[in-house]
K.L.:
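Right, I'll just put the structure down here and ask away after.
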Amino acid sequence: MHIQVTWTVPALDEARRRGVSPSRPAPGLTSDAQVGDYVEMRGAGGTVTFIVRRRTWAFDADASVVLRIELDYPPRPDGLR
């Protein structure tokens, strides 16, 4: 299983603004991450807090499994749907 981080547009914009590389793996992010969890990442512009918005299991034809964890910004737990 592989974990892939995906970003909402506002999260991607904030990551870039704060110097967080969107292509950088998040080494502490595991399959234990749940919707509503906060994720802090440090970049050249300081620390930014995202929220896990969605988890998606993807099964490819070659039987590989990817867990896609989507991050959102700003972190609004009441706005999760």
Side-chain angles (χ1 to χ4, degrees):
M1 181 196 65
H2 172 72
I3 295 176
Q4 177 186 33
V5 176
T6 61
W7 306 80
T8 62
V9 171
L12 187 58
D13 290 345
E14 186 65 16
R16 289 179 175 149
R17 188 174 80 72
R18 298 278 189 104
V20 173
S21 172
S23 60
R24 164 183 94 163
L29 201 56
T30 69
S31 61
D32 292 334
Q34 298 296 310
V35 170
D37 284 353
Y38 293 103
V39 177
E40 289 185 346
M41 294 185 175
R42 186 178 319 268
T47 301
V48 59
T49 302
F50 301 97
I51 194 166
V52 176
R53 181 173 179 262
R54 179 178 300 149
R55 292 167 37 105
T56 304
W57 290 98
F59 300 89
D60 291 332
D62 66 357
S64 63
V65 178
V66 176
L67 173 57
R68 293 189 184 109
I69 296 178
E70 183 179 66
L71 299 181
D72 195 14
Y73 182 87
R76 300 172 295 237
D78 295 336
L80 295 172
R81 296 187 199 338

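This structure is a prediction, so every number in the text was calculated from the model and none was measured. The first residue in the sequence is number 1, and the count goes up from there.
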K.L.:
Using the side-chain hydrogen bond (donor to acceptor under 3.5 Å, both in side chains) criterion, which residues pair with Arg16? Sequence neighbours excluded.
P.N.:
none
K.L.:
Only counting residues at least two apart or in another chain, list the ones meeting salt bridge (Lys or Arg N to Asp or Glu O under 4.0 Å) with Arg18.
P.N.:
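Here the qualifying residues are Glu14.
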K.L.:
Using side-chain heavy atoms (C-beta onward) and a distance below 4.5 Å, is Tyr73 in contact with Thr8?
P.N.:
no
K.L.:
For residues Thr56 and Glu70, determine if any side-chain heavy atom of one lies less than 4.5 Å from a side-chain heavy atom of the other.
P.N.:
no
K.L.:
From Thr6 OG1 over to Asp72 CG, what is the distance, rounded to the nearest 0.5 angstrom?
P.N.:
10.0 Å
K.L.:
Quick one: closest heavy-atom pair of Ala15 and Trp7, and the distance?
P.N.:
CB-CZ3, 3.9 Å
K.L.:
If you define the side chain from C-beta out and look only at heavy atoms, does anything of Leu67 sit under 4.5 Å from Arg55?
P.N.:
yes
K.L.:
Who are the side-chain hydrogen bond (donor to acceptor under 3.5 Å, both in side chains) partners of Asp32, not counting sequence neighbours?
P.N.:
none
K.L.:
Return the minimal non-hydrogen interatomic distance between Val52 and Gln34, and the atom names on each side.
P.N.:
CB-O, 3.4 Å
K.L.:
May I ask whether Ile69 and Val66 are part of the same hydrophobic cluster, defined by side-chain heavy atoms of I, L, V, M, F, W, Y residues being less than 4.5 angstrom apart, directly or through others?
P.N.:
no
K.L.:
Do Met41 and Leu71 have side-chain heavy atoms sitting under 4.5 Å apart?
P.N.:
yes
K.L.:
Is Asp60 reaching over with its side chain to a backbone N or O of Asp62, donor-acceptor style, under 3.5 angstrom?
P.N.:
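No, the answer is negative, given that no donor and acceptor are paired below the 3.5 Å cut-off.
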K.L.:
Please say yes or no: joined through hydrophobic side-chain contacts below 4.5 Å, possibly via intermediate residues, are Leu29 and Met1 part of one cluster?
P.N.:
yes
K.L.:
Do Ile51 and Val9 share a hydrophobic cluster (ILVMFWY, side-chain heavy atoms under 4.5 Å, transitive)?
P.N.:
no
